[in-house]
Q: 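Could you have a look at this structure, given as structure tokens, before my questions?
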Amino acid sequence: LFLIEVLIKLVNFERVIGITLTTLVYTPLISSKTQVISIADSLIGFFEENKSIDSKNSILNIKNHLKILRRFQNIEFI
């Protein structure tokens, strides 16, 4: 486990929010009562709406990680 996963196990957070971190995958395994939320879809929407930000590579990277992340249960996507 990484340092953050140890912290999640010790603290028992109510929820963990991230983009596409491995923490989102591991949290349900080490803290079953913790709600896990990915804001990746919201972030993609933000980048796509704000054309002034050069984010083409970031969007592609997030979408590629989302393909993997969506295979896991217990993750809410907003």
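These numbers were taken from a predicted model, which means no experiment stands behind them.
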Q: Mind checking the NZ-CZ spacing from Lys63 to Arg70? Nearest 0.5 Å is all I need.
A: 10.5 Å

Q: May I ask you to check whether Ser58 and Ser55 show a side-chain donor-acceptor distance below 3.5 Å?
A: no

Q: Less than 4.5 Å apart, side chain to side chain, heavy atoms only: is that true for Leu24 and Phe72?
A: no

Q: I'd like to check Phe77 versus Leu66 (side-chain heavy atoms, cut-off strictly below 4.5 Å). Are they in contact?
A: yes

Q: In Å, rounded to the nearest 0.5 Å, how long is the span from CD1 of Ile62 to NE2 of His65?
A: 9.5 Å

Q: State, to 0.1 Å, how close Ile59 and Glu48 come at their nearest heavy-atom pair, and which atoms those are.
A: CD1-CG, 3.7 Å

Q: Provide the closest heavy-atom pair for Ala40 versus Ile19 in the form atom of the first, atom of the second, distance.
A: CB-O, 3.6 Å

Q: Calculate, to the nearest 0.5 Å, the distance between atoms CD1 and OG1 belonging to Ile17 and Thr23 respectively.
A: 13.0 Å

Q: Quick check against the 3.5 Å criterion: does Asn50 have a side-chain atom that pairs as donor or acceptor with the backbone of Phe46?
A: yes

Q: For a 4.5 angstrom cut-off between non-hydrogen side-chain atoms, does Glu14 reach Thr34?
A: no

Q: When rounded to the nearest 0.5 angstrom, what distance separates OG1 in Thr22 from CD1 in Ile68?
A: 11.5 Å

Q: Evaluate the side-chain proximity of Ile37 to Ile78: yes if any heavy-atom separation is below 4.5 Å, no if none is.
A: yes

Q: Please check if any side-chain donor atom of Glu76 sits under 3.5 Å from a side-chain acceptor atom of Ser38, or the reverse.
A: no

Q: Would you say the side chain of Gln35 lies within less than 4.5 Å of the side chain of Val16, judging by non-hydrogen atoms?
A: no

Q: Could you give the distance from CZ (Phe47) to CG (Asp54), rounded to the nearest 0.5 Å?
A: 10.0 Å

Q: What are the two closest heavy atoms between Val36 and Asn74, and how far apart are they?
A: CB-O, 3.5 Å

